[in-house]
Amino acid sequence: MMQTQIELRNLLRSIDHKGYPAYKSLAGAWKFDRYTLVIDHVQGDPFAAPSKVSIHIDGAKAGFPADMIQYKYTRTALADALVRRFGREAEQYSHKAKGSGKSGLLSVSRPGQEVLERSACEIAADTGNLVFRLEVGFPANGRTINAGELEKILFQFLPKCIEQSLFYRNADKKHLAAVKELAQDQQYIRTQLKERALAAFVADGSILPRESGVSDRPMKNAVRFHTPASMETAMELPNAGLIKGMGIPQGVTLIVGGGYHGKSTLLKALERGVYNHIAGDGREYVITDDTAVKIRAEDGRSIKHTDISMFINGLPNGKDTKAFMTEDASGSTSQAANVIEAMEAGARLFLIDEDTSATNFMIRDELMARVVHHDMEPITPFIDRVEELYQTYGISTILVAGSCGSYFYKADHVIQMYQYEPSEITAMAKQEAERFAGYAKDKPGLNQSEPPVFDRRFASDKKAAQNDRIKVKGMGRDAVSIDRDTIELRYVEQLVDSEQTMALGYMVKYARQRLFDGKKDLKAVAGLLQKMVEEKGIGAVCEGRYLPCGLAVPRQQEIFACLNRCRALRI
């Protein structure tokens, strides 16, 4: 039975100066005037992880307009804006309640430049009911309860944050309208990519360079993007009106130029373009096919029964490349596996930087081919498959190349970056390629490869399936540990938030306990995970009495990537 805020205040005063475990009596739901406060979990002592608290508000009271919550993309943008606003309010009060350890902490998700669906704020599509989750450090002196300080948090600080952040009547309505309109415009561009057969779009005036290597904020006084006339694409957005920019067509696109002239900066913006960005980021209208995958070499990664025969065959040790497996992949085998796994994950666009690729996977020059005959080389380089990937499988490629000119022969479009300014040089590049005597024009074509076989079935050990106490531990953005098995994700470059990594940990845990049965293939398991989260939210894969506040939904492609790097899976 739900209790009132008066009863909560009385209970707080009754446990004042008692031992810290007495705080456990606060767990439960408490009815305030305009919302319900739920204390989901109470920390064990003031030095432990903070207590988990959620705010539940009826949609009619929250009052957000129907057009803000009608579609998932506007609902996600609204929730993101509320998290940012609540975070700014909470900063004013965090640690103002005094005590030892984490006493007085008010911790809220801290979004970066991307707009992600988060467990921190969920809004129901049908009712507008809102749930907001945060962490609170319950105050103590030593390990003795300081109820007066917690009373300040629950009855003064939190109500002010809630009133200013989570009710439409107190909101900055112009700002929220702008958030909604930007989300609508971004979604419109995404639909236009498909209709116009574009792989990506970069708007004129975009700011692509970032503040520094450790900051994702836009660089001040950076050169703004200006579209080459030959690649100009115009779109009439629902809210912002006419916008022009560079439309990158599907097919094979090469980005070239000297060092430090912006090649990798453009590619990095395209990598992040699978997500929407907040206003002021500079990349609001850099929109990439949302299935795009950054492909790179990844020495040392685990590969499990992956068909890499499209690229690697006839290994001298007789190893089967149709069901290739290793616990310590080389640069070429890891990059081959990354390509095949991305195909399995439904990618329609590959993003590749020469600098992070295995040279022998990407290219084999003419002189080397003459000295070491192709019958002696087990690797079919990517350059010999890039056209086939598009023509047969519909997968485009955008490739940054600084030293390998052979890709000029394969490219449908060539973009040159000079001092961060792009120009289209396809005709000139093709002309120079034809004049280059070092390329064998009569080079025999390769046979069409057989389609990769996607039929990998794994089973969890019985111990994992029966263990309800498996712990998930995040290690920033780079890794997640599940029952002491660490999944390395530092080279999965389109993971942009540690909360996504944590969510992946819960997904893998759920799959190991409930989905990997030796019958479902990996594609079916990943599909089930994605469907569950789409239909029921990230809480669908989190077992326990409460949903953690620090989770962000990853893409289907990162779900595949995480499963593929889980060393604990067994055939």
Side-chain angles (χ1 to χ4, degrees), residues 274 291 293-296 298 300-308 323-327 329 333-347 452-461 463-465 467 470-475 477-495 497-534 538 540-543 551-571:
V274 298
T291 68
V293 174
K294 171 69 184 299
I295 303 293
R296 59 167 295 154
E298 194 174 344
R301 67 153 288 196
S302 168
I303 298 173
K304 294 190 178 296
H305 292 265
T306 302
D307 182 0
I308 61 173
F324 184 79
M325 60 185 300
T326 180
E327 291 298 316
T333 55
S334 64
Q335 195 158 0
N338 287 343
V339 169
I340 300 302
E341 290 165 359
M343 293 173 70
E344 186 178 17
V453 176
F454 303 132
D455 187 21
R456 296 182 291 154
R457 300 168 192 270
F458 300 103
S460 293
D461 55 74
K463 180 183 175 183
N467 188 359
I470 290 178
K471 290 189 177 180
V472 178
K473 181 181 179 182
M475 302 177 186
R477 195 206 63 82
D478 293 340
V480 63
S481 174
I482 304 160
D483 196 26
R484 298 181 183 176
D485 294 319
T486 299
I487 303 176
E488 294 285 348
L489 298 167
R490 72 183 65 191
Y491 295 126
V492 181
E493 296 185 53
Q494 287 165 291
L495 276 178
D497 195 297
S498 60
E499 293 192 0
Q500 287 179 302
T501 306
M502 196 68 185
L504 286 170
Y506 281 102
M507 288 182 168
V508 174
K509 174 187 173 182
Y510 186 92
R512 284 179 58 185
Q513 291 184 315
R514 297 178 178 271
L515 300 180
F516 282 118
D517 54 9
K519 299 176 183 179
K520 303 180 190 72
D521 63 18
L522 188 74
K523 192 169 186 176
V525 170
L528 284 171
L529 288 170
Q530 184 186 25
K531 184 178 180 182
M532 289 172 61
V533 172
E534 284 180 350
I538 191 64
V541 297
C542 299
E543 297 175 340
L551 302 178
V553 176
R555 299 186 306 153
Q556 175 182 345
Q557 285 67 32
E558 279 67 56
I559 297 173
F560 270 89
C562 191
L563 293 172
N564 280 317
R565 286 159 180 76
C566 181
R567 296 176 185 267
L569 298 183
R570 300 286 182 265
I571 294 295

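Because the structure is a prediction, the values reported are computed rather than measured.
Met507 contributes atom CE, which lies 9.0 Å from atom CG of Leu551 (distance to the nearest 0.5 angstrom). Taking CD of Gln335 as the reference point, atom CZ of Arg296 lies at 9.0 Å (rounded to 0.5 Å). Distance check, rounded to the nearest 0.5 Å: OG1 of Thr333 to CE of Met325 gives 13.0 Å. Rounding to the nearest 0.5 Å places CG of Asn564 at 8.5 Å from CG of Asn338. Rounding to the nearest 0.5 Å gives a distance of 12.5 Å between CZ of Phe560 and CE of Met343. With rounding to the nearest 0.5 angstrom, the NZ atom of Lys471 is 11.0 Å from the OG atom of Ser481.
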(request) Take Arg565 and Glu488, measure what salt bridge (charged side-chain N to carboxylate O under 4.0 Å, His left out) needs, and give me the verdict at the end. (result) CA-CA 7 Å; Arg565 286 159 180 76; Glu488 294 285 348; over 6 Å; no
(message) Apply salt bridge (charged side-chain N to carboxylate O under 4.0 Å, His left out) to residues Glu558 and Arg555 and explain how you reach the verdict.
(response) CA-CA 5 Å; Glu558 279 67 56; Arg555 299 186 306 153; 2.8 Å; yes
(request) Please assess Val508 against Leu529 for the test side chain to side chain contact (heavy atoms under 4.5 Å, CB included), listing each intermediate value before the final yes or no. (result) CA-CA 9 Å; Val508 174; Leu529 288 170; over 6 Å; no
(request) Could you check Ile538 against Val553 for side chain to side chain contact (heavy atoms under 4.5 Å, CB included), going step by step and ending with a plain yes or no? (result) CA-CA 7 Å; Ile538 191 64; Val553 176; 4.3 Å; yes
(request) Might you work through the side chain to side chain contact (heavy atoms under 4.5 Å, CB included) test for Val480 and Thr486, ending with a clear yes or no? (result) CA-CA 6 Å; Val480 63; Thr486 299; over 6 Å; no
(message) Please evaluate residues Phe454 and Asp521 with respect to the criterion side chain to side chain contact (heavy atoms under 4.5 Å, CB included), reporting the C-alpha separation (whole Å), side-chain torsions for both, the decisive distance (0.1 Å), and the verdict.
(response) CA-CA 8 Å; Phe454 303 132; Asp521 63 18; 6.0 Å; no
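The shortest side-chain heavy-atom distance between Phe458 and Leu522 falls under the 4.5 Å cut-off. Looking at heavy atoms from C-beta onward, Leu504 lies in side-chain contact with Leu495 at the 4.5 angstrom threshold. By the 4.5 Å heavy-atom criterion applied to side chains, Lys294 and Tyr491 are not counted as neighbours. When side chains are defined from C-beta on, Leu489 counts as touching Cys562, because their heavy atoms get closer than 4.5 Å.
Panel note: side chain Gln556, backbone Ala526; no donor-acceptor pair is recorded below 3.5 Å. Side-chain N or O atoms of Arg477 include one that pairs as donor or acceptor with a backbone N or O of Arg490 at under 3.5 Å. Listed for the Ser334 side chain is a donor-acceptor partner under 3.5 Å among the backbone atoms of Glu298. Not one N or O on the side chain of Arg567 forms a donor-acceptor pair closer than 3.5 Å with the backbone of Asp485. The backbone N or O of Tyr510 lies less than 3.5 Å from no partner atom in the side chain of Gln513, so there is not a single donor-acceptor pair. A donor-acceptor distance shorter than 3.5 angstrom exists from the side chain of Lys509 to the backbone of Ile470, with no hydrogens or angles considered. Not one N or O on the side chain of Thr501 forms a donor-acceptor pair closer than 3.5 Å with the backbone of Glu499.
The two residues Gln500 and Pro554 come nearest to each other via the heavy atoms NE2-CA, 3.8 Å. Contact detail for Leu569 and Leu563: the closest heavy-atom pair is CD1-O, 3.7 Å. The two atoms that bring Ile340 and Pro452 nearest to each other are CD1-CG, 3.9 Å, heavy atoms only. Across all their heavy atoms, Lys520 and Leu515 have their closest contact at NZ-O, 3.5 Å. Of all the heavy atoms in Arg512 and Cys566, the pair that sits closest is CD-SG, 4.3 Å. Of all heavy-atom pairs between Ala337 and Ile303, the closest is CB-CD1, 3.5 Å.
Listed by first and then second residue, the salt bridge (Lys or Arg N to Asp or Glu O under 4.0 Å) pairs that reach into residues 338-347 are Arg301-Glu341, Glu344-Arg456, sequence neighbours excluded.
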